**Q** 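I have a structure I would like to understand better, so I am pasting it below and will then ask my questions one at a time.
Here, residue 1 is the first one in the sequence, and each next residue gets the next number. Being a predicted model, the structure only gives us computed values, none of them experimental. Note that ligands are numbered from 1 as they come in the structure, with each ligand's atoms numbered from 1 the same way.
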Amino acid sequence: MNREWLEKDFYKELGIASSATQDEVKKAYRKLARDLHPDKNPGDAKAEERFKAVSEAHAVLSDPEKRKEYDEARRLFASGGFGRGGFSPGGGYGQPGGFSGEFNLGDIFGGATTTAGDGGLGDILGGLFNRGGTRTSSRPRRGSDVETETTLGFREAAQGVTVPLRMTSPAACTTCHGSGAKPGTSPRVCPHCNGSGVISRNQGAFGFSEPCDDCRGTGSIIDDPCTDCRGTGIQNRTRTITVRIPPGVRDGQRIRLAGQGEAGLRGAPPGDLFVTVHVSQDKVFGCNGDDLTLVLPVSYSELVLGTTVLVPTLDGRVGVKVPPGTADGRTLRVRGRGVPKRGGGGAGDLLVTVKVAIPQKLDDNATETLRRYAEAEKESGFDPRAGWAGA
Ligand SMILES: [Zn+2]
Ligand SMILES: [Zn+2]
């Protein structure tokens, strides 16, 4: 038995009295789940914690069978019925001694096969209701994390975008709401193992435990399996969820969306969704950290005489001053007009690199003027190869 679990007050978690009706349990949970939902509180670790705690409380209290067991266990716990090191699965609730000390709780309760891995609800419920199960598919456990990917345009990624993602993944069966039992019925506690999922035997000084055959280690028996999910409580469903990708996401980055993964089994909370984002190249912009880069075509005369050019940014255009005598290939910096920084806090810079464009064809007038200019340039003393190592 998990002490931590027993010390939790699920009624307090939902803000209801221990005498609350099933309807009141449902109502309290709905309201809290709405307020605390990760979608509503992005990045709020506290809300997420609470959301998990509330889901956990609901998973237990909404199921009359589980609620009864929980009430019973807590009553016994309060009256000192449990030993410190756990209880002996075969020895009854009232025997804190026995061989309980020899067991690793994780072994008894099948913790090694729990995929939740965060010590959360899956572990806890797995411990209480379906101890030692070999059938991991039917014990309450946190839903698996789901991986998916999406490709965004460069500007979408830089500015943030809301995208629909289509996913096929297991979700709680809509017919039985994940219980695995035909609507109108509910799973009952396995009488053979008293819901522990484990049968214990003593052989000499050693205690052994093995999964209960009657319930296949799940601790509960479904007399009337839901026909839509064949008693598993899960169905494959294609769903489209709308995902808000924050601004400043980089190519190859993985974004975590709490609670958007696979549904949990039998009322356990869902897993997380991880979206790997691919960012396609842009025709104009490049990216260097938080800095936005672009190459600005200019004419020779613009570099020599100086000019101001309107260049695009992620947010409208900005005038970039090219000073007289700017060298080809020079990079000009426009502060704060780059890519928005992750998690707020302004943006990087816009880096404009000038690149001279050479006309392939000029009309007679321009050609003649350029010839005259070339002579004037020579007379003025300009030598492009002055100081050049190859001269
Ligand atoms: Zn079902
Ligand atoms: Zn059993």
**Q** Identify the heavy atoms of Gln159 and Arg244 that sit nearest to each other, and give their distance.
**A**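 It is O-NH2, 4.2 Å.
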**Q** Please assess Arg254 against Glu147 for the test salt bridge (charged side-chain N to carboxylate O under 4.0 Å, His left out), listing each intermediate value before the final yes or no.
**A** CA-CA 9 Å; Arg254 204 156 152 265; Glu147 292 276 351; 2.5 Å; yes
**Q** What protein N/O/S atoms lie closer than 2.8 Å to the Zn ion (ligand 1)?
**A**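 Near the Zn ion (ligand 1), below 2.8 Å, one finds Cys173 SG, Cys176 SG, Cys226 SG, Cys229 SG.
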**Q** Using side-chain contact (heavy atoms from CB on, under 4.5 Å), reason through His278 and Asp251 one step at a time and then give a plain yes or no.
**A** CA-CA 5 Å; His278 303 288; Asp251 186 40; 3.9 Å; yes
**Q** Quick one: list whatever passes side chain to side chain contact (heavy atoms under 4.5 Å, CB included) with Asp23, sequence neighbours left out.
**A**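 Partners of Asp23 by the side chain to side chain contact (heavy atoms under 4.5 Å, CB included) criterion, ordered by chain and then number, come out as Thr21.
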**Q** Quick check: does any side chain N or O of Glu156 sit under 3.5 Å from a backbone N or O of Gly153, one acting as donor and the other as acceptor?
**A**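 Side chain of Glu156 to backbone of Gly153: a pair is present.
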**Q** Name the atoms and distances for all side-chain donor-acceptor pairs under 3.5 Å in residues 283-293, with sequence neighbours left out.
**A**
from, atom 1, to, atom 2, distance (Å)
Asp290, OD1, Arg250, NH2, 2.5
Asp291, OD1, Asp349, N, 2.8
Thr293, OG1, Gly286, O, 3.4

**Q** Is Asp282 salt-bridged to Arg155, going by a charged N under 4.0 Å from an acidic O?
**A**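 Arg155 and Asp282: salt-bridged.
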**Q** Check Arg67 with Asp63, please: is the shortest side-chain N to carboxylate O separation under 4.0 Å?
**A**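 Between Arg67 and Asp63 there is no salt bridge, as every charged N stays at least 4.0 Å from the carboxylate O atoms.
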**Q** Could you grab the protein N, O or S atoms closer than 2.8 Å to the Zn ion (ligand 2) for me?
**A**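 Checking every protein N, O and S atom gives Cys190 SG, Cys193 SG, Cys212 SG, Cys215 SG.
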**Q** May I ask you to decide whether Arg142 forms a salt bridge with Asp272, counting only side-chain N to carboxylate O separations under 4.0 Å?
**A**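 Looking at Asp272 together with Arg142, the answer is yes, because their closest N to O distance falls below 4.0 Å.
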